[in-house]
Amino acid sequence: MANARPTAAAVHYRIEAPDPHQHLFHVTLTVAQPAPQQELALPVWIPGSYLVREFSKNLQNLQAHQGRQAVALQQLDKHRWLATCQPGKPLVLRYAVYACDASVRTAWLDAARGFFNATSLCLRAEGHTEQPCTIDIVAPEKIAASAQWSCATALFPLKVDRRGFGRYRADDYDTLADCPVEMGAFWSARFTAGGMPHRFVVAGAAASFDGKRLLADTRKVCEAAIRLWHGEGKPPFKNYLFMLNVVHDGYGGLEHRNSTALICARRDLPRTTAPAVGEGYTTLLGLISHEYFHAWNVKRLRPAEFTRYDYAQENYTQLLWFFEGFTSYYDDLLLRRAGLIDHASYLKLLTKTIQQVLQTPGRTLQTVAQASFDAWVKFYRQDENTPNATVSYYTKGALVALCLDLALRAEGHCTLDDVMRALWQRCAGGPMDEATLRAVLQELGGRPFDTEIDAWVHGTGELPLEALLAAHGIALQPQAPQPAQRLGLRVAEDAAVQVKTVLRGGLAERAGMAAGDEWIGIEVQGQGWRITKLDEIALYAGAETAVTALVARDRRLLRLPLALSHPPAKKGKGRKSAAQPVVADTVSLAITDAARATRWLDGL
């Protein structure tokens, strides 16, 4: 039953689920030595997901007592309360939290599964947040399936049963907040990587799930990451836990210091009945690689602004291009180094990243450093204009990492791997700033890289992808764009073409299309045609270079004149016509020198 002898804690939580059908976690919080004016607060965001999510909206029926005496609570604002306490008596608070968000960021509870992050359930007792705390996780009692439920978390076990329910310890509130909890009748297995135990739990998988394949492939990913950071050394954690929730349709992950919470679509899992795996499984492995890499890059090596989290408000940094972008560069590259994909598959994934950036007009307006700072109001609040006004610090950050790696390799002094290891050593696996990155690049690269950082990170010019890739035996070649990109659109195609985004400078914008339009059909030489997919336009238009688009907007039918190609640039001007689109690139990557390409792709 016990892993260690329980010890008294300044703060103790008890988490119960008396009736999972209500989707309510019941929480009891005991503060052993409360202040006379004890402040309590629930975080408004969770580290790793840069949006104020107002978790207190799900908290209800908050009550406080000292012994049998009720304690008055004054609500100070949207997420803080003040309890007026008598000295020397423990303060006990009871409340419930509604848990019906299947994402990795909050909490979920029903008769099949329970999951929570402490940032959604556990009030902070101000003045005690840096002290050790304990948490009791109680198995549900009112559902038959609970007899088969287990509990998994990266928290340190003090007194738990064979299913994982019982008492855990956290060194402080930050540690508690960084260890999500999974409950249910999940699949579980273990492996060792880098000399350290790892566990993988999977909830919601179908009977065809090939757990042996997932475990073996995940181990290869972990070993590749550990080799990158430490060579033959050990990782900076004593154990690691993967928690995967499998749903009909979903994707995402959230990193923690020695665990990660993941979501994937059921169809993307490997199957015992189908030895071959598809792109969905490769995407899942890339997600696993991404979140595992974060155990080093953002959870330990992290922005100086994140030295201590402020759970009450936004925590700004301009460095997400490094911590998310560089992680995005390495996630798929590690799949190649682990032998899970071949060169062609990796280049296909890289092509997708390149095109995502090239097909985003906002890259000419917003720097990737600005995108990092604006994550709180732009990246996590996307709308139909987002591609026109912003750039992703994930994708462009990954390309900045690519360019630096290729530039360093071309000059022969070091690689980006060397830079990452040096940063880890220089910062002692802790807070870092951009100046430190610049200093390490200069020391290892043999010259300053300030010009590159200024242009690629703090500027909006194009990245020198073609030249750098060519130097490593990879040709970047232009390809004919798909219909949506040629027209400057992002759409959903079903019974009709639903316009989601009209890209700046494109043909659709010139025609007057708007997000929300339903594109019903086209007229060609006086004849009308119904369309449900954009590629049908070529069928009906033939050689015509202009058609009339039939569009429904706010129940009105509109006839919009639409050119099907941009006019050529005017001769003798030395520049593109103003009619040329800002975004017009679709590309492919091809190996032209296998030896040089292999040295990069295999990390030699």
Side-chain angles (χ1 to χ4, degrees), residues 11-31 38-49 51-65 71 73 75-83 91-126 128-129 133-143 146 149 151-153 155 165 167-168 170 173-184 203 243 245 254 256 261 263 309 311-312:
V11 176
H12 176 71
Y13 301 90
R14 182 178 176 85
I15 311 297
E16 299 173 276
D19 188 352
H21 296 300
Q22 295 181 343
H23 311 292
L24 291 174
F25 281 109
H26 289 244
V27 183
T28 303
L29 165 59
T30 302
V31 183
Q38 179 63 57
E39 184 176 320
L40 304 135
L42 195 66
V44 303
W45 70 291
I46 182 169
S49 183
L51 179 68
V52 171
R53 297 186 183 274
E54 314 293 19
F55 298 130
S56 61
K57 68 183 179 182
N58 294 317
L59 189 150
Q60 61 189 56
N61 197 27
L62 176 61
Q63 300 178 11
H65 293 81
V71 173
L73 287 171
Q75 186 161 1
L76 302 177
D77 56 29
K78 63 184 180 181
H79 73 116
R80 295 186 304 140
W81 293 262
L82 190 67
L91 172 65
V92 179
L93 298 107
R94 293 184 175 87
Y95 56 94
V97 175
Y98 181 67
C100 203
D101 182 345
S103 78
V104 296
R105 298 177 294 265
T106 53
W108 171 269
L109 180 64
D110 67 4
R113 174 179 178 260
F115 172 84
F116 68 85
N117 291 282
T119 45
S120 291
L121 262 64
C122 298
L123 286 166
R124 290 165 50 88
E126 301 299 344
H128 302 277
T129 57
C133 62
T134 54
I135 180 169
D136 287 345
I137 305 171
V138 181
E141 297 178 356
K142 285 193 175 181
I143 52 175
S146 68
W149 275 34
C151 176
T153 179
L155 288 165
F165 289 101
R167 179 164 296 183
Y168 293 85
Y173 188 88
D174 283 351
T175 304
L176 180 68
D178 206 33
C179 294
V181 174
E182 177 75 30
M183 298 183 290
M243 293 170 282
N245 181 30
L254 189 62
H256 301 280
I263 291 179
Y309 295 120
Y311 294 95

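Nearest approach of N245 to A102, heavy atoms of both residues: ND2-O, 4.0 Å. The two residues V104 and A261 have their closest heavy-atom pair at CG1-O, 3.4 Å. The heavy-atom pair separating N61 from Q63 by the smallest distance is OD1-NE2, 3.0 Å. Among all heavy-atom pairs drawn from A112 and W149, the shortest one is C-CZ2, 3.6 Å. Of all non-hydrogen atoms in A125 and Q38, the two that sit nearest each other are C-NE2, 3.7 Å. Pairing each heavy atom of I46 with each of F55, the nearest pair is N-CE1, 3.8 Å.
Between the side chain of H79 and the main chain of L42, a donor-acceptor pair closer than 3.5 Å is present. Y98 places no side-chain N or O within donor-acceptor distance of the main-chain N or O of K57, the cut-off being under 3.5 Å. The main-chain N or O of T106 is found under 3.5 Å from a side-chain atom of N117 such that the two form a donor-acceptor pair. Under the 3.5 Å distance criterion, the side-chain polar atoms of Q75 are matched with a main-chain donor or acceptor of D77. Formation of a donor-acceptor pair under 3.5 Å by the Y173 side chain with backbone atoms of C122 is found in this model. A donor-acceptor pair under 3.5 Å is absent between the side-chain atoms of Q60 and the main chain of Y95, judged by distance alone. In this structure, H26 contributes its side chain and A17 its backbone to no donor-acceptor pair below 3.5 Å.
Distance CG/L254 to CD1/I263: 10.0 Å, rounded to 0.5 Å. The CZ atom of R167 sits 8.5 Å away from atom CZ of R14, with the distance rounded to the nearest 0.5 Å. Interatomic distance, L121 CG to N58 CG, rounded to the nearest 0.5 Å: 9.5 Å. With rounding to the nearest 0.5 Å, the separation of CH2 in W108 from CD in E182 is 12.0 Å. Once rounded to the nearest 0.5 Å, the distance linking CZ of R94 with NE2 of H65 reads 7.0 Å. The CZ atom of R80 sits 13.0 Å away from the CG atom of L123 when rounded to the nearest 0.5 Å.
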Q: Could you please spell out the steps behind the side-chain contact (heavy atoms from CB on, under 4.5 Å) verdict for V44 and K78?
A: CA-CA 9 Å; V44 303; K78 63 184 180 181; 4.1 Å; yes
Q. Going through the distances and angles, do Y168 and V181 end up as a side-chain contact (heavy atoms from CB on, under 4.5 Å)?
A. CA-CA 11 Å; Y168 293 85; V181 174; over 6 Å; no
**Q.** T153 vs I135, side-chain contact (heavy atoms from CB on, under 4.5 Å): CA-CA, chis, key distance, verdict
**A.** CA-CA 12 Å; T153 179; I135 180 169; over 6 Å; no
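Relative orientation of the W45 and Y311 rings is tilted, given thresholds of 30° and 60° on the angle between their planes.
Checking T134, T30, T28 one by one against H12, the side chain to side chain donor-acceptor pair (under 3.5 Å) holds for a single residue, T134.
Taking 4.5 Å as the limit, every side-chain heavy atom of H256 sits out of range of all side-chain heavy atoms of C179. Between L24 and D19 the shortest side-chain heavy-atom distance does not fall below 4.5 Å.
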